[in-house]
Amino acid sequence: MQPGRYNITVVNGTTFTLAPIWQINNLPVNLTGYSADMQVRDISNNLIVELSTANGKAVISAALGQTTFSLTPTQTSAANLPAGNYNYAVNLTDGSGNVYQILIGAFTVSASVVH
């Protein structure tokens, strides 16, 4: 299975939300028993930020096949999320430990002009 591609831009100091729905044959996959992880990494593969069900920055709506990843304005501030160009991937892991990469793309963080 090839992951979908979606490029993201986040502005420092703003709320960030991404809520992809995993579908197969146009039907949502039931995510009961799954965990979710979204990692943002720089070109050297250093972890910049992680949003997961384990750290509370991701919430799964199992019947909808949806995972909502969120960061607060404080978490996207320049002090916590430096402006730059990164890459990200979203992985879902089922109860048996099978990992599915469902989404990848560029993750651009722009400096805010409002301070």
Side-chain angles (χ1 to χ4, degrees):
M1 177 183 91
Q2 288 286 80
R5 177 168 283 281
Y6 181 73
N7 296 328
I8 296 168
T9 300
V10 178
V11 177
N12 284 135
T14 64
T15 300
F16 167 74
T17 303
L18 176 69
I21 297 173
W22 186 23
Q23 295 182 339
I24 297 178
N25 297 325
N26 293 322
L27 296 173
V29 174
N30 188 317
L31 299 178
T32 299
Y34 280 70
S35 62
D37 184 59
M38 175 180 176
Q39 292 187 353
V40 177
R41 294 184 175 269
D42 67 15
I43 195 160
S44 298
N45 207 32
N46 296 307
L47 183 64
I48 302 302
V49 66
E50 183 170 23
L51 299 85
S52 68
T53 48
N55 68 18
K57 295 176 184 167
V59 176
I60 293 176
S61 300
L64 299 176
Q66 185 174 46
T67 305
T68 303
F69 299 93
S70 301
L71 292 171
T72 66
T74 299
Q75 292 166 329
T76 67
S77 70
N80 293 317
L81 189 61
N85 296 312
Y86 308 108
N87 293 303
Y88 79 94
V90 171
N91 289 337
L92 299 176
T93 305
D94 69 18
S96 298
N98 298 306
V99 179
Y100 304 93
Q101 189 164 84
I102 65 160
L103 196 59
I104 60 172
F107 191 97
T108 303
V109 180
S110 298
S112 175
V113 295
V114 177
H115 295 283

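Values in this document were obtained by computation on a predicted structure and should not be read as measured data.
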Student: For atom OH of Tyr100, decide whether the heavy atoms of other residues, nucleotides or ligands shown that lie under 6.0 angstrom number more than 12.
Tutor: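 More than 12 within 6.0 Å, yes.
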Student: Work out which heavy atom in Ala36 is nearest to a heavy atom in Leu92; give both atom names and the distance.
Tutor: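 The pair with the smallest heavy-atom distance is CB-CD2, 3.5 Å.
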Student: Over all heavy atoms of both residues, which pair between Asn12 and Val109 is shortest? Give the atoms and the distance, please.
Tutor: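 That closest heavy-atom pairing would be ND2-CG1, 3.4 Å.
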Student: Do Ser110 and Thr9 have side chains that approach each other closer than 4.5 Å (heavy atoms only, starting at C-beta)?
Tutor: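 In contact.
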Student: Going through the checks in order, is the side chain to side chain contact (heavy atoms under 4.5 Å, CB included) test met by Thr67 and Tyr34?
Tutor: CA-CA 10 Å; Thr67 305; Tyr34 280 70; over 6 Å; no
Student: Within the 4.5 Å heavy-atom criterion, are Ile104 and Asn87 side-chain neighbours or not?
Tutor: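 Of all side-chain heavy-atom pairs linking Asn87 with Ile104, none is under 4.5 Å.
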Student: Measuring centre to centre across the rings, with the benzene-like ring taken for any Trp, is Phe16 within less than 6.0 Å of Phe107?
Tutor: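 Ring centres of Phe107 and Phe16 closer than 6.0 Å.
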Student: Heavy atoms only: give me the nearest Leu103-Pro20 pair and the separation to one decimal.
Tutor: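 Looks like CD2-CB, 4.0 Å.
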Student: Could you verify whether a donor N or O on one side chain and an acceptor N or O on the other, from Thr32 and Asn30, lie under 3.5 Å apart?
Tutor: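 The answer is yes; a qualifying pair exists.
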Student: Which pair of non-hydrogen atoms, one from Ile8 and one from Met38, has the smallest distance, and what is that distance?
Tutor: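 Minimum heavy-atom contact is CD1-CE, 4.0 Å.
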Student: Among Leu81, Val10, Leu71, Ile48, which residue meets the side-chain contact (heavy atoms from CB on, under 4.5 Å) test with Val40?
Tutor: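 Of Leu81, Val10, Leu71, Ile48, side-chain contact (heavy atoms from CB on, under 4.5 Å) with Val40 is met by Ile48 alone.
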Student: Counting only heavy atoms from other residues, nucleotides and ligands, does the tally under 6.0 Å from CD1 of Ile43 exceed 12?
Tutor: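 At most 12 heavy atoms, drawn from other residues, nucleotides or ligands, come within 6.0 Å of this atom.
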Student: Closest approach of Thr68 and Thr17, non-hydrogen atoms and distance?
Tutor: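 Looking at all heavy atoms of both residues, the closest pair is CG2-CG2, 3.7 Å.
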Student: Do you know the tightest heavy-atom contact between Asp94 and Ser96?
Tutor: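 Closest approach of Asp94 to Ser96: OD1-N, 2.9 Å.
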Student: Within the 4.5 Å heavy-atom criterion, are Tyr86 and Val49 side-chain neighbours or not?
Tutor: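 No; the side chains remain at least 4.5 Å from each other.
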Student: For a 4.5 angstrom cut-off between non-hydrogen side-chain atoms, does Pro28 reach Leu64?
Tutor: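 No, their side chains stay 4.5 Å or more apart.
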